[in-house]
There are 2 protein chains.
Amino acid sequence: MSDVPKQRETGQEFDLEGFLPYLLNQAAEATSRSFQASYKAEYGMTRTQWRVLANLGKFGAMTARDICRISHIEKTKVSRAVAALEAEGLLQRATSPEDRRAEILSLTDGGRRVFRDLGQRALAYDAELRKRLGDGVATQIDAVLRSIAAQGDPDVTPGDD
Amino acid sequence: MSDVPKQRETGQEFDLEGFLPYLLNQAAEATSRSFQASYKAEYGMTRTQWRVLANLGKFGAMTARDICRISHIEKTKVSRAVAALEAEGLLQRATSPEDRRAEILSLTDGGRRVFRDLGQRALAYDAELRKRLGDGVATQIDAVLRSIAAQGDPDVTPGDD
DNA sequence: TTGACTTGGTTGCAGATGCAACTAATACTG
DNA sequence: CAGTATTAGTTGCATCTGCAACCAAGTCAA
């Protein structure tokens, strides 16, 4: 950690604008932010809430823990998002019969309705974005991003979303 | 805003895992987080602080406003990061002679030292990541991400980092 | 010069987050 | 079955962030 293998200062200089974490963040923020308007303005939802809802909408009922695993969102965040969504009547909890610690989460009818609405918007937004990027890129980008997300750093704790 | 053009529910279903904002966030968080250890553990710096420092290190003295323009980080965030970095003795301010509202920011020797150190680590981290991605991808990804960051959404406010 | 408007930066405040500590239910192990 | 270690979720607390309101210096125009 502290034994940087004697890099000559004259080696190469750091270029912020070519630094992947930086570029990824810029791109991620730009897109998330612009789509954010959809769930924030109309439903007063948080990014995390939208994601939790999206996961439940997409994969069906499951526990908070499953959501953490699938989405890599930290459990605290999920916990609070679930509480908020429940308060809004968008999702329900049911103690798992097999493990009374776990709660099976599922969307209510209202939740599903919101999911359908936002899902359609997301689809439209995504399509538009990909169209601008061009087919060639659009088809490759997913795999690349998934790969980066997975590798990020091999030897580091799970982290969150 | 509320006139979703009659999308048949039966059209196509929303696939969270193919949603660019989602994928980008996963990738961005994964990389940023893992690199975060470098500046957080050793220098107790924040992501924003690291970015401000990186910008100053890379582009030299400039005003907070310039940093906002270049990095798209929101001005409040920059303001606080600058205050923190100054408190740590990593940067200095000097009232601009031409415009006394503006402050020319520049790294101190200590700041430059930290920049060199973190810059080298960033370089190493980035190189490793790109190596794993493979040359083909690595050379294209930058342009794509920049394009996404720029387009994100054409008609939306500047936003932040 | 005066008064209205813009611009560089800071601050107040209400959220949103991360991390560690904590509760409750389970799973092991002898 | 007791006793300890795990695991699902929640909560306290100390930041970090976003947005709007707010100064102070500048600009512009009458």
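Chain letters run A, B, ... following the sequence lines, proteins first, then strands; residues in each count from 1.
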Looking at five pairs on each end of the helix from C:dT1-D:dA30 to C:dG30-D:dC1, what is the angle between the two axes, given to 10 degrees?
20°

Tell me if a side-chain donor or acceptor on B:Thr46 pairs with a main-chain N or O of B:Thr48 at a distance below 3.5 Å.
no

When B:Lys75 and B:Thr46 are each assigned the nearest nucleotide of DNA chain D, the 5'-most assignment goes to B:Thr46

What is the distance from atom CG of A:Asp15 to atom OH of A:Tyr22, rounded to the nearest 0.5 Å?
10.0 Å

A:Met62 and A:Ile70, any side-chain heavy atoms less than 4.5 Å apart:
yes

Please tell me if the side chains of B:Trp50 and B:Tyr43 come closer than 4.5 Å, counting only heavy atoms from C-beta onward.
no

Nearest-angstrom distance from the residue atom CD of A:Glu74 to C1' of C:dA21:
13 Å

Any donor-acceptor pair under 3.5 Å from A:Asp126 side chain to B:Phe19 backbone:
no

Between C1' of D:dA8 and CD1 of A:Ile70, the distance in whole Å
16 Å

Using the salt bridge (charged side-chain N to carboxylate O under 4.0 Å, His left out) rule, collect all pairs that involve residues 16-26 of chain B, keeping only residues at least two apart or in two chains.
none

Within residues 81-92 of chain A: residues closer than 4.0 Å to DNA chain D (heavy atoms):
none

Which nucleotide in the list D:dC19, D:dG9, C:dC19 gets nearest to the side chain of A:Arg93?
D:dG9

Under 30°, 30 to 60°, or over 60°: which ring-plane class applies to A:Tyr125 and A:Phe35, parallel, tilted or perpendicular?
tilted

For D:dT17, does either OP1 or OP2 sit under 4.0 Å from a side-chain N or O belonging to B:Thr48?
yes

Here the distance between atom C1' of D:dT10 and atom CD1 of A:Ile73, to the nearest Å, is 17 Å

Measure the distance from CE on A:Met45 to P on C:dG15 and round it to the nearest whole Å.
17 Å

Gap between atoms NZ and P, on A:Lys77 and C:dG15 respectively (whole Å):
18 Å

Gap between atoms CD1 and P, on A:Ile67 and D:dA8 respectively (whole Å):
13 Å

Sub-3.5 Å pairs of nitrogen or oxygen atoms, protein against nucleotides 11-14 of chain C:
residue : atom : partner : partner atom : Å
C:dG12  : O6   : B:Arg80 : NH2          : 3.2

For the CZ atom of A:Arg116 and the CD atom of B:Glu13, what is their distance to the nearest 0.5 Å?
10.0 Å

Distance, nearest 0.5 Å, that separates CZ of B:Arg51 from CD1 of B:Ile73:
6.0 Å

Just verifying a value: how many Å separate B:Asp117 CG and B:Tyr39 OH, rounded to the nearest 0.5 Å?
14.0 Å

Check whether B:Ser147 reaches the backbone of B:Ala143 with its side chain - one donor and one acceptor, N or O, closer than 3.5 Å.
no

Just by modelled atom types, is the B:Ile104 backbone N or O under 3.5 Å from a matching donor or acceptor in the B:Thr63 side chain?
no

Rounding to 0.5 Å, atoms CG (A:Leu24) and CD (A:Glu29) come to a distance of 12.0 Å

Between residues 95-107 of chain B and DNA chain C, which residues have a heavy-atom gap below 4.0 Å?
B:Arg101, B:Ala102, B:Glu103

What donor-acceptor contacts under 3.5 angstrom involve side-chain atoms of residues 78-89 of chain A, with partners at least two apart or in another chain?
residue : atom : partner : partner atom : Å
A:Glu86 : OE1  : A:Arg93 : NE           : 3.0
A:Glu86 : OE1  : A:Arg93 : NH2          : 3.1
A:Glu86 : OE2  : A:Arg93 : NE           : 3.4

Provide, to the nearest angstrom, the distance between the CD atom belonging to A:Gln36 and the P atom belonging to D:dT17.
15 Å

